[in-house]
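Just below is one structure, and these are the notes that go with it.
First listed ligand is number 1; within each ligand, the first listed atom is number 1.
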Amino acid sequence: MIQEYKLFIGGEFKDSSTGEVFDDINPATLENLATIQIAGAKDIDRAVEAAEAGFRLWSKIPAPKRAEILFRAARILQERKEELAVLMTKEMGKVLPETRGDVQEAIDITNYAAGEGRRMLGETTTSELKEKFCMTVLRPIGVVGLITPWNFPIAIPAWKIIPAVVAGNAVVFKPASDTPLLALKLVKVLTEAGLPPGVINLITGPGGTVGKALVQHPRIKAISFTGSLDTGKWIMEECSKTMKRVSLELGGKNPVIVMDDADLELALEGVLWGAFGTTGQRCTATSRLILHEKIKDEFVKRLLAKVKALRIGDGLLPETDIGPIINKAQLEKIEKYVKIGKEEGATLLFGGNRSDPGLPGYFFEPTLFADVRPEMRIAQEEIFGPVLGIFTVSDLEEAIELANSTKYGLSSAIYTGNVGNAFRAIEKIEAGITYVNAPTIGAEVHLPFGGVKGTGNGFREAGTEAIKEFSEVKAVYIDYSGRLQKAQIDSAE
Ligand code: NAP
């Protein structure tokens, strides 16, 4: 018997007004895990109304008290870590150690952002006038709409929800349709921890209708979106019509540079993990390998041997290195890009085909292309799968120019034994994140996360920026002089 899940509005599970549902499919086995209700326009109105009511109460609770509930949520997540990780592997396919990491990231951001409840730092500063005190305070925005992708089914929602609610906002949350169960589990944990009714509301269904309605809803004050560039562009345009604040975390085409002075074994391990971890389905996945010509042949030979040894299969099995692709459409997209790469004249060194590990799901071989040139589509467009393009350069300057040659700018890495090369890369690579002697994946929650150029619109998540994404800054002037003082006029005398 397959369980049907309802929407979560105003602290209760409610039937959707549409009567429509969709299936939640395990991408390794194609087993149907659950049936999920599809929200309609009426449900989104109800969710916004519930969130407005929730906001009125929640925003008045002192932030340290709000945080206590979130610390409780972190403890519940910790207790359920294994259960959630196993469910996540079933729901989206990545291997168990990685899904455990995903849950751990949710625990980490929950503890970190809840800690901010005792800070909520503004600034105090000076005034150009006598007997005048100046400071800034953070205010919540109101009802915020959160839209998330499937590749980090609990970490990314937690990155948004926890800072949003500790800052005093109420949330309407639309998760990816490939991973609704983990979203439901997170909402359940928050409710069990004591989050009052209306503070978190969950609406499920296709982005094209449910997500769209959320973006266009006149009473949603801000949208925080993580997903593809095309959807992000559309959301930004739509939000301008209702003057919503919008924060975007979009795609990547992340380069790793390996210099001739690098520790090659270390770099090999980093490239393998960066390119094929999560089956290449990370916004920070390594998709471009930029090799110094002096080590290129040796590096490619050793990489090839490691790639050939990767085992594809069900992420629940301990021997599996690479789990399935999320769905059929994404599998076909990867196949399309392999075809494009061949047609463009890149050399297919390994992989390029669907794989059959004895399960009916969506598996694809780890794939290596050599002789990739910067103008090729496989060098420019995000494939979001286990496909790595290899480039050759003769010096650091050329490597950095190549690294900067796409519209994206999320993560980047350099392997080098030379401190000067490392600092030049930090200075010149156009990216929100640069790793030195470490792969392009591996962000920690207490540092800001996000990218430049087509990867976003300047916001950062997590770290010191986490609360700011979901706060308004108010400047406060307190004049205790007892007389009218005119800034810029009296102070100029
Ligand atoms: P996507 O197709 O853009 O979908 C992301 C979310 O947006 C899903 O919840 C989706 O709903 C929803 N959506 C789709 N169309 C919408 C619309 N018109 N209005 C409102 N919402 C809409 O992206 P994806 O394929 O799920 O995720 C992969 C992408 O996310 C990659 O580009 C990856 O790089 C990026 N990503 C970025 C980061 C980062 O932090 N920079 C992190 C992870 C992933 P449905 O699921 O129902 O379609």
**Request:** Within a distance under 4.0 Å of any heavy atom of Ile156, pick out the atoms of ligand 1 and give their elements.
**Result:** 42 (C), 43 (C)

**Prompt:** Has ligand 1 got any nitrogen or oxygen that is less than 3.5 angstrom from a nitrogen or oxygen of Thr148?
**Reply:** yes

**Message:** Under a 4.0 angstrom heavy-atom cut-off, which atoms of ligand 1 come close to Gly205?
**Reply:** 47 (O)

**Asked** Can you find a protein heavy atom closer to atom 27 (O) of ligand 1 than 4.0 Å?
**Response** yes

**Prompt:** Going by the atom numbers of ligand 1, which of them fall below 4.0 Å from some non-hydrogen atom of Pro206?
**Reply:** 47 (O)

**Request:** Could you tell me whether ligand 1 has any atom less than 4.0 Å away from a heavy atom of Thr284?
**Result:** no

**Request:** Give a yes or no on whether a salt bridge exists between Arg282 and Glu98, defined as a side-chain N under 4.0 angstrom from a carboxylate O.
**Result:** yes

**Asked** Would you call Arg460 and Glu469 a salt bridge, using N to O less than 4.0 angstrom?
**Response** no

**Prompt:** Using 4.0 Å as the upper bound for N to carboxylate O, is an ion pair formed by Glu49 and Arg46?
**Reply:** no

**Item:** Nearest protein heavy atom with distance in Å, relative to atom 34 (O) of ligand 1
**Value:** Glu382 OE2, 2.6 Å

**Request:** Considering only NZ, NE, NH1 and NH2 on the basic side and carboxylate oxygens on the acidic side, decide whether Glu430 and Lys453 come within less than 4.0 Å.
**Result:** yes

**Message:** Tell me whether Arg100 is salt-bridged to Glu82, with the criterion being a basic N under 4.0 Å from an acidic carboxylate O.
**Reply:** yes

**Short N-O contact, Asp45 and Arg219, less than 4.0 angstrom** = no

**Item:** Proximity of Phe152 and Trp159 rings by center, below 6.0 Å
**Value:** no

**Complete:** Looking only at protein heavy atoms, what sits closest to atom 3 (O) of ligand 1 is Ser228 OG, 2.7 Å

**Request:** Note the single closest protein heavy atom to atom 22 (C) of ligand 1, along with its residue, its atom name and the distance in Å.
**Result:** Gly207 CA, 3.5 Å

**Item:** Sub-4.0 Å atoms of ligand 1 with respect to non-hydrogen atoms of Lys174
**Value:** 9 (O), 10 (C), 11 (O), 45 (P), 46 (O), 47 (O)

**Item:** Atom indices of ligand 1 within 4.0 angstrom of Ile147 heavy atoms, with elements
**Value:** 6 (C), 7 (O), 9 (O), 12 (C), 20 (C), 21 (N)

